[in-house]
Amino acid sequence: MDTILWRRLDTAGHDACRLMTADEGWRLQGAAAFRHDGAAACLAYDVACDTAWHTLGGVVHGWAGANALDFRVVKLPGGIWTLNEQIVPQLGGCIDLDLGFTPATNLIQLRRVALEVGEAADVPVAWLDVFAGTLDTLHQRYERLAVDQYGYEAPRFSYSAVLRVDAGGFVRHYPQLWEAVP
């Protein structure tokens with residue numbers, strides 16, 4: 001089992017995460033506590049993947065200020081995604097679930113695409129925005145620059161940076177957003 005603790009760089013907060021083997025493949029579990037829109041937020045998450053790092057589903061529950069948050073995402077056979085048992089049709093081609101409030105799910109994407117140094121891949125993901133209550137496609141691109149560095153782009157947010165990772169694939173430094181606590 002691998003574990004990591006991150007500190008938010010853009011607001012007060014932390015995220016603790018662990019990666020475990022499971023019967024179906026892998027489980028990524030954690031909890032993030034941080035400030036959002038001037039109030040405290042606390043979100044627990046659990047994402048399941050098969051042995052090839054394809055997302056099977058995930059849950060997020062917790063709260064932000066006075067609002068309770070509870071989401072269940074399932075990827076059905078045929079690449080059909082559901083959010084709280086409602087089909088989300090526009091997610092064709094998405095293999096990975098990305099939780100927008102934590103850097104944890106980048107590990108799943110990086111392990112699945114398994115890029116060699118010098119290789120790049122477009123990685124569209126099913127992106128859960130817990131504050132809007134939506135599941136939508138987020139287009140991303142990774143380019144492996146070195147053994148421990150990836151160029152990362154998310155055009156929707158006009159964000160690009162070099163992510164530093166550890167040997168297991170956890171992001172250690174996510175510029176302007178997250179940094180692993182030594």
Side-chain angles (χ1 to χ4, degrees), residues 6 8 10-11 13 15-20 22 24-37 39 41-113 121-142 150 152-161 163 169-171 174 177-178:
W6 290 284
R8 282 208 46 175
D10 61 332
T11 188
D15 187 335
C17 180
R18 67 181 182 170
L19 175 67
M20 308 176 308
E24 67 274 7
W26 302 96
R27 298 293 290 253
L28 191 64
Q29 297 177 326
F34 52 92
R35 298 214 43 90
H36 176 74
D37 286 345
C42 184
L43 300 169
Y45 56 90
D46 187 342
V47 179
C49 298
D50 66 16
T51 57
W53 295 98
H54 296 105
T55 298
L56 301 171
V59 295
V60 175
H61 64 275
W63 47 269
N67 299 319
L69 301 169
D70 193 14
F71 300 98
R72 185 165 194 261
V73 177
V74 176
K75 187 171 164 207
L76 301 170
I80 298 168
W81 290 83
T82 65
L83 174 60
N84 293 341
E85 300 182 5
Q86 300 297 309
I87 292 175
V88 182
Q90 72 270 21
L91 298 175
C94 294
I95 298 171
D96 310 300
L97 175 61
D98 189 290
L99 304 178
F101 62 88
T102 176
T105 48
N106 292 87
L107 174 133
I108 295 168
Q109 300 155 31
L110 292 174
R111 285 209 175 177
R112 185 182 61 75
V113 296
D122 292 319
V123 183
V125 296
W127 180 68
L128 179 63
D129 181 346
V130 296
F131 304 110
T134 59
L135 188 64
D136 196 9
T137 301
L138 175 65
H139 295 281
Q140 303 176 119
R141 181 168 180 80
Y142 290 98
Y150 289 84
Y152 172 77
E153 297 175 19
R156 176 184 199 162
F157 301 111
S158 300
Y159 182 84
S160 64
L163 307 180
F170 275 120
V171 175
Y174 203 127
L177 297 173
W178 294 95

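Keep in mind the model is a prediction, meaning the values are calculated, not measured.
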Check: How would you list, by chain and number, every residue that makes a salt bridge (charged side-chain N to carboxylate O under 4.0 Å, His left out) with Asp37, sequence neighbours excluded?
Finding: none
Check: For Arg156, which residues count as a salt bridge (charged side-chain N to carboxylate O under 4.0 Å, His left out) partner, sequence neighbours excluded?
Finding: Asp136
Next item on the list: With rounding to the nearest 0.5 Å, note down the distance linking OG1 in Thr11 to CG in Leu177.
Entry: 11.0 Å
Note to self: Please report the interatomic distance OG1(Thr137) to CH2(Trp127), rounded to the nearest 0.5 Å.
What the structure shows: 11.5 Å
Notebook entry, point to check: What distance separates Leu107 CG from Leu19 CG, expressed to the nearest 0.5 Å?
Noted result: 5.5 Å
Margin query: If you compare all heavy atoms of Cys49 against all heavy atoms of Leu56, which two are closest, and at what distance to 0.1 Å?
Written below: C-CD1, 3.8 Å
Notebook entry, point to check: For Leu91 and Ala126, which heavy atoms make the closest approach, and how far apart are they?
Noted result: CD1-CB, 4.0 Å
Item checked: Closest non-hydrogen atom pair between Cys17 and Ala104, with its separation -> SG-CB, 3.7 Å
Checklist line | Any residue meeting side chain to side chain contact (heavy atoms under 4.5 Å, CB included) with Ser160, in chain and number order, not counting sequence neighbours | finding: Glu153
Next item on the list: With side chain to side chain contact (heavy atoms under 4.5 Å, CB included) as the test, would you mind laying out the steps for Val88 and Val73 before giving the verdict?
Entry: CA-CA 10 Å; Val88 182; Val73 177; over 6 Å; no
Next item on the list: State which residues pass salt bridge (charged side-chain N to carboxylate O under 4.0 Å, His left out) with Asp46; sequence neighbours excluded, sorted by chain then number.
Entry: Arg27
Check: What pairs with Ala39 under side chain to side chain contact (heavy atoms under 4.5 Å, CB included), at least two apart in sequence or on another chain?
Finding: none
Item checked: Results of side chain to side chain contact (heavy atoms under 4.5 Å, CB included) for Ala33 - residues two or more places apart only -> none
Check: With sequence neighbours left out, which residue pairs that include part of residues 41-80 fulfil the ring pair (Phe, Tyr, Trp, His ring centres under 6.0 Å) condition?
Finding: Trp26-Trp53, Tyr45-Phe101
Next item on the list: Could you name each residue pair satisfying side-chain hydrogen bond (donor to acceptor under 3.5 Å, both in side chains) that touches residues 72-83, not counting sequence neighbours?
Entry: none
Check: For Asp122, what residues pass the salt bridge (charged side-chain N to carboxylate O under 4.0 Å, His left out) criterion, not counting sequence neighbours?
Finding: Arg141
Notebook entry, point to check: Can you list every pair that meets side-chain hydrogen bond (donor to acceptor under 3.5 Å, both in side chains) and has a residue in residues 83-101, with sequence neighbours left out?
Noted result: Asp96-Arg112, Asp98-Gln109
Item checked: Any residue meeting ring pair (Phe, Tyr, Trp, His ring centres under 6.0 Å) with Phe170, in chain and number order, not counting sequence neighbours -> Trp6
Notebook entry, point to check: CG of Leu97 to CG of Leu28: how many Å apart, nearest 0.5 Å?
Noted result: 10.0 Å
Next item on the list: Check the pair Thr55 / Val47 against side chain to side chain contact (heavy atoms under 4.5 Å, CB included), numbers first and verdict last.
Entry: CA-CA 7 Å; Thr55 298; Val47 179; 4.2 Å; yes
Checklist line | Interatomic spacing from OG1 in Thr102 to CG in Leu43 - rounded to 0.5 Å | finding: 9.5 Å
Next item on the list: Any chance you could measure Leu135, atom CG, to Asp129, atom CG, to the nearest 0.5 Å?
Entry: 10.0 Å
Check: Going by the angle between their ring planes, with limits at 30° and 60°, are His36 and Phe131 parallel, tilted or perpendicular?
Finding: parallel
Next item on the list: With sequence neighbours excluded, give me every salt bridge (Lys or Arg N to Asp or Glu O under 4.0 Å) pair touching residues 48-63.
Entry: none
Note to self: Does Val171 form a side chain to side chain contact (heavy atoms under 4.5 Å, CB included) with Tyr150? I'd like the steps, not just the answer.
What the structure shows: CA-CA 10 Å; Val171 175; Tyr150 289 84; over 6 Å; no
Check: Between Pro103 and Asp15, which heavy-atom pair has the shortest distance, and what is it?
Finding: CD-OD2, 3.9 Å
